[in-house]
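What follows is a set of notes on a single structure, which appears directly below.
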Amino acid sequence: MSIELSEQEVFRRQSLSKLREMGIDPYPAALYPVDNYSTTIKAEFKDEESGKPVCIAGRLMSRRIMGKASFIEIQDTKGRIQVYVSRDDINSEAQPEMYNVVFKKLLDIGDFIGIRGYIFRTQMGEISVHAQELTVLSKTLRPLPIVKYKDGVAYDAFEDPEQRYRQRYVDLVVNEGIKDIFIKRTKVYNSMREYFNNQGYMEVETPVLQSIPGGAAARPFTTHHNALDIPLYLRIANELYLKRLIVGGFEGVYEFSKNFRNEGMDRTHNPEFTAMEIYVAYKDYNWMMEFTEKMVEKVCLDVNGTTDIQVGDKTISFKAPFKRVTMIDAIHEHTGIDISTMNEEELRSVCKNLHVEVDASMGKGKLIDELFGEKCEGKYIQPTFITDYPIEMSPLCKRHRTNPELTERFELMVNGKELANAYSELNDPIDQLERFQEQLKLSEKGDDEAMHIDMDFVRSLEYGMPPTSGMGIGMDRLVMLMTGQQAIQEVLFFPQMKPAPSKSEVEKTEN
RNA sequence: GACUUAGUAGCUCAGCUGGUAGAGCAACAGACUCUUAAUCUGUGGGUCGUGGGUUCGAGCCCCACCUGGGUCACCA
């Protein structure tokens, strides 16, 4: 059983056969000696250089045929350039039908072609390439969506998000600006690497498959190792492994960590996402705040050349330093209530009065966290460090040097969302074990996201970890901010999707 | 997971109080040697997401399912 090809697909397959009949390989093996790019030619051209030979390659994206001469647009990796193709220039003794048959009949929009020619300026003033030789480089069998542009405005853009994400390759080819988002994504990574490497910190790799999914509170993906016959989990964080490396004697280590969490999906959550975590010995969270704001400012400058970013209708300034507010002050500021001396019962009634939903399993720390989350978090649009979180919420974080109910923790809030999270790391092995045991109690109370106990990690602390500060930052969210995107799907090449109902595309055949 | 909204030609979209489908671009045939959303003439292309139901008759009404988007809940 075969599924019928569309009319346009049938025509393209016929063109493919005809090319072969004419002795033209539609998928040639030899390299094509490209020596220029569309936008480079346009940027660097000077009129006295008219006639300079170039060799370019790319997709044929539009055609304006006027009898014996045509203008086409070639799209290469950097952009588009217009090419003038005339019959008498590209026909040759070997291929006298190059223009009338190959170019006009057998080529389609989307096909890869190579052009040898020279640069010139048209009568309308557009810098173009005058073709002297046309080479078929790869024939396309499916029609691309046709998006036309005039003065930067797209007409009939390919914009169904389902199709754009499922077929990102098409999105990247036809929609202007999509590639730029991903180019910026890589610039963000490069800028951050440069920042860390310049200070002597080392990029490392730690296990993705873990037998205890530690370092964060989240539901993991589960898998199974056949040879060992044990369950394994895709990591939800890499924190505990990086700290083991600090125990081992590295002064600063960092990792861009693809993490996996088996939770809901929406426009700020994808089941696999990237966090960058860095740990530096002999530092504390105050040092880390400065380190973080300088990093974010540098990244923003490197990527955008400015510290002001437009996200939706808001302008966000990443100019360091960022504002710092303790969590208790934040709650005071946004509710008018001072919770600093309250016990669990008093907090519970505050939540009730403010209509913040709570349940019986929540302890004092969780209640404060809920209050902050409901009443404050969304208010911090400009980058702001929220500091000194309750101890129950932070089982891997060192107790605050002046208040044992709090921890030396900060989160960086931007655009009403958490962007980064950092601690003065807990390095007291006895305290760490007790905190893990508290988590176990929470788990028995019904909290299915409480942390697992990792005894090997505790053992490593018993061997001694220097005072250390660590910081994690959500790379996808950072890229969203740096590119002004409002959905995580827009900054991931291939966001997670439910499999589309298959109509056995593979069975498609001609006839 | 809940609510809501959508799925019609390769793409972007119309489609009346139910009477078995239209446009632009793309495609095909033709004209045109400086066009640029090229233009002009002509032509073809659709199991209207899938499966049921109501009806003389369903793209439209009803039910179920599939796959998106949005809002909420949980989370980074």
Side-chain angles (χ1 to χ4, degrees), chain A residues 3-12 14-15 61-73 80-89 99 104-105 108-110 120-126 128 130 140-167 170 174-175 216-219 236-237 257 259-277 357 373 377 411-413 417-421 448-449 472-478 480 486-489 495 497-503:
Chain A
I3 287 167
E4 297 218 348
L5 294 170
S6 72
E7 185 190 37
Q8 294 195 45
E9 288 172 294
V10 171
F11 281 127
R12 284 178 181 232
Q14 288 168 355
S15 298
M61 292 304 282
S62 78
R63 274 195 296 195
R64 295 180 283 276
I65 297 175
M66 300 156 302
K68 300 178 186 66
S70 303
F71 284 97
I72 63 175
E73 279 178 297
R80 290 188 183 185
I81 190 165
Q82 179 173 265
V83 176
Y84 178 75
V85 181
S86 75
R87 184 191 65 186
D88 299 338
D89 287 312
Y99 184 80
K104 278 172 72 175
K105 300 281 184 197
D108 290 291
I109 287 177
F120 76 113
R121 194 187 281 277
T122 66
Q123 285 170 20
M124 297 303 289
E126 181 160 345
S128 310
H130 188 127
T140 59
L141 298 182
R142 284 177 188 257
L144 285 169
I146 304 294
V147 183
K148 300 207 173 188
Y149 295 93
K150 183 185 172 121
D151 304 327
V153 181
Y155 295 81
D156 297 334
F158 175 62
E159 57 194 2
D160 174 13
E162 182 173 1
Q163 293 203 71
R164 287 184 49 231
Y165 302 152
R166 286 192 197 284
Q167 302 184 52
V170 174
V174 304
N175 287 330
R219 283 205 300 274
I236 57 174
S257 171
N259 295 339
F260 306 83
R261 298 189 184 176
N262 207 338
E263 321 236 1
M265 298 162 55
D266 59 30
R267 71 181 198 294
T268 52
H269 298 87
N270 194 64
E272 58 181 283
F273 66 100
T274 307
M276 191 297 305
E277 294 208 15
E357 265 188 57
E377 187 170 301
E411 288 194 355
L412 175 57
M413 313 297 307
K417 286 252 156 54
E418 179 192 341
L419 178 63
N421 180 25
D448 61 350
E449 289 180 338
I473 184 166
M475 294 304 293
D476 308 296
R477 288 188 176 179
L478 179 62
M480 284 167 69
Q486 317 246 37
I488 196 170
Q489 287 82 2
M497 305 283 281
K498 263 199 183 183
S502 170
K503 291 194 175 175

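Here the structure is a predicted model, which means the values were calculated and not measured. First the proteins, then the strands, lettered A, B, ... as listed; each starts at 1.
One distance of note links CG of N421(A) with CD of E411(A); it measures 4.5 Å at 0.5 Å rounding. In this structure, the separation between CG on L5(A) and CZ on F11(A) is 12.0 Å, given to the nearest 0.5 Å. To the nearest 0.5 Å, the span separating OG1 on T268(A) from CD on Q489(A) amounts to 9.0 Å. The CG atom of D156(A) lies 9.0 Å from the NZ atom of K148(A); values are rounded to the nearest 0.5 Å.
Here C11(B) presents its P atom at 16 Å from OH of Y149(A), a figure rounded to the nearest Å. Following rounding to the nearest Å, D108(A) (CG) and A27(B) (P) show an atom-to-atom distance of 7 Å. Going from atom CZ of R166(A) over to atom C1' of G49(B) covers 12 Å, rounded to whole Å. We find that NZ of K498(A) is positioned 12 Å from C1' of G1(B), with the value rounded to whole Å. Per the geometry, CD1 belonging to I488(A) stands 13 Å off P belonging to G70(B), to the nearest Å. In this structure, OH of Y165(A) is placed 15 Å from C1' of U67(B), rounded to the nearest angstrom. At whole-Å resolution of the value, CZ in F71(A) and C1' in C34(B) are 4 Å apart. Summarising the geometry, the separation between CG on D156(A) and C1' on U12(B) is reported as 4 Å, rounded to the nearest angstrom.
The side chain of E162(A) lies closest to U67(B) when the candidates are U67(B), C28(B), C32(B). Considering only the side chain of I146(A), C25(B) comes nearest among C25(B), C11(B), A38(B). For Q82(A), whose side chain is taken as the heavy atoms from C-beta onward, the closest listed nucleotide among U35(B), U12(B), A27(B) is U35(B). Considering only side-chain atoms of S6(A), the nucleotide from G10(B), U35(B), G68(B) that sits closest is G10(B).
Checked by distance alone, S62(A) brings no side-chain donor or acceptor within 3.5 Å of a matching partner on the base of U36(B). Between the side chain of Q8(A) and the base of A26(B), a donor-acceptor pair under 3.5 Å is found. For Q123(A) and U35(B), a side-chain-to-base donor-acceptor distance below 3.5 Å is absent, hydrogens and geometry of angles not being considered.
Applying the 6.0 Å contact sphere to NZ of K417(A) captures no more than 12 heavy atoms from other residues, nucleotides or ligands. Under a cut-off of 6.0 angstrom, the local environment of CE in M265(A) is crowded, with over 12 non-hydrogen atoms contributed by other residues, nucleotides or ligands.
K105(A) has a side-chain polar atom (N or O) that falls below the 4.0 Å cut-off from OP1 or OP2 of G30(B). Between Q163(A) and C11(B), a side-chain N or O to OP1/OP2 separation shorter than 4.0 Å is present. A close approach under 4.0 Å does not occur between any side-chain nitrogen or oxygen of R267(A) and OP1 or OP2 of G69(B). An OP1 or OP2 oxygen of A38(B) is reached within less than 4.0 angstrom by a side-chain nitrogen or oxygen of R64(A). For K148(A) and C25(B), the shortest distance from a side-chain N or O to OP1 or OP2 is not below 4.0 Å. Taking side-chain N and O atoms only, R87(A) has no distance below 4.0 Å to OP1 or OP2 of C32(B).
Within 4.0 Å of F158(A), counting heavy atoms only, lie sugar-phosphate atoms of the nucleic acid but no base atom. Residue-level contact check: N270(A) touches the bases, meaning some heavy atom is under 4.0 Å from a base atom. Within the nucleic acid shown, R121(A) has no heavy atom closer than 4.0 Å to any nucleic acid atom. Residue contacts for F120(A): at a heavy-atom cut-off of 4.0 Å it reaches a base atom on one of the strands shown. Note on A157(A): only backbone sugar-phosphate atoms sit closer than 4.0 angstrom, heavy atoms only; bases stay farther off. Note on D88(A): a base of the nucleic acid sits closer than 4.0 angstrom, heavy atoms only. Among the atoms of the strands shown, base atoms are found under 4.0 Å from some heavy atom of D266(A). The residue I65(A) sits close to a base: some heavy atom pair falls under 4.0 Å. When heavy atoms are screened at a 4.0 angstrom cut-off, K68(A) is found touching base atoms of the nucleic acid. Among the atoms of the strands shown, base atoms are found under 4.0 Å from some heavy atom of F273(A). Within 4.0 Å (heavy atoms only), Y84(A) reaches at least one base atom of the nucleic acid.
Of the P atoms belonging to G15(B) and A9(B), the separation is 15 Å, rounded to the nearest Å. For U39(B) and U33(B), the C1' atoms lie 15 Å apart once the distance is rounded to whole Å. With both ends at atom P, the span from U50(B) to G7(B) equals 13 Å, rounded to whole Å. Here the separation of A37(B) from A73(B), taken at their P atoms, is 47 Å to the nearest Å. C62(B) and U36(B) are spaced 49 Å apart, taking the P atom of each and rounding to whole Å. Atom name C1', nucleotides A26(B) and C66(B): the rounded distance is 29 Å, in whole Å. Nucleotides C60(B) and G52(B), compared at atom P, are 14 Å apart to the nearest Å. Distance check on atom P: A23(B) versus A14(B) gives 16 Å, rounded to whole Å.
In terms of modelled atom types and a separation under 3.5 Å, the side chain of R12(A) and the main chain of R142(A) share a donor-acceptor contact. With Y155(A) contributing its side chain and I146(A) its backbone, the two residues share no donor-acceptor pair below 3.5 Å.
Counting heavy atoms from C-beta outward, F71(A) and E126(A) have side chains that stay 4.5 Å or more apart. Inter-residue side-chain proximity for R87(A) and S70(A) is flagged as unmet; no heavy-atom pair is nearer than 4.5 Å.
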- Item | Worked check of side-chain hydrogen bond (donor to acceptor under 3.5 Å, both in side chains) between S257(A) and N259(A) | CA-CA 6 Å; S257(A) 171; N259(A) 295 339; 2.5 Å; yes
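Between A487(A) and E73(A), the residue whose closest nucleotide on RNA chain B is further toward the 5' end is E73(A). Comparing E418(A) and S128(A), the nucleotide of RNA chain B nearest to each residue sits closer to the 5' end for S128(A).
In RNA chain B, the stems built from three or more successive Watson-Crick or G-U pairs (distances below 3.5 Å) are B:1-7 with B:66-72, B:10-13 with B:22-25, B:27-31 with B:39-43, B:49-53 with B:61-65.
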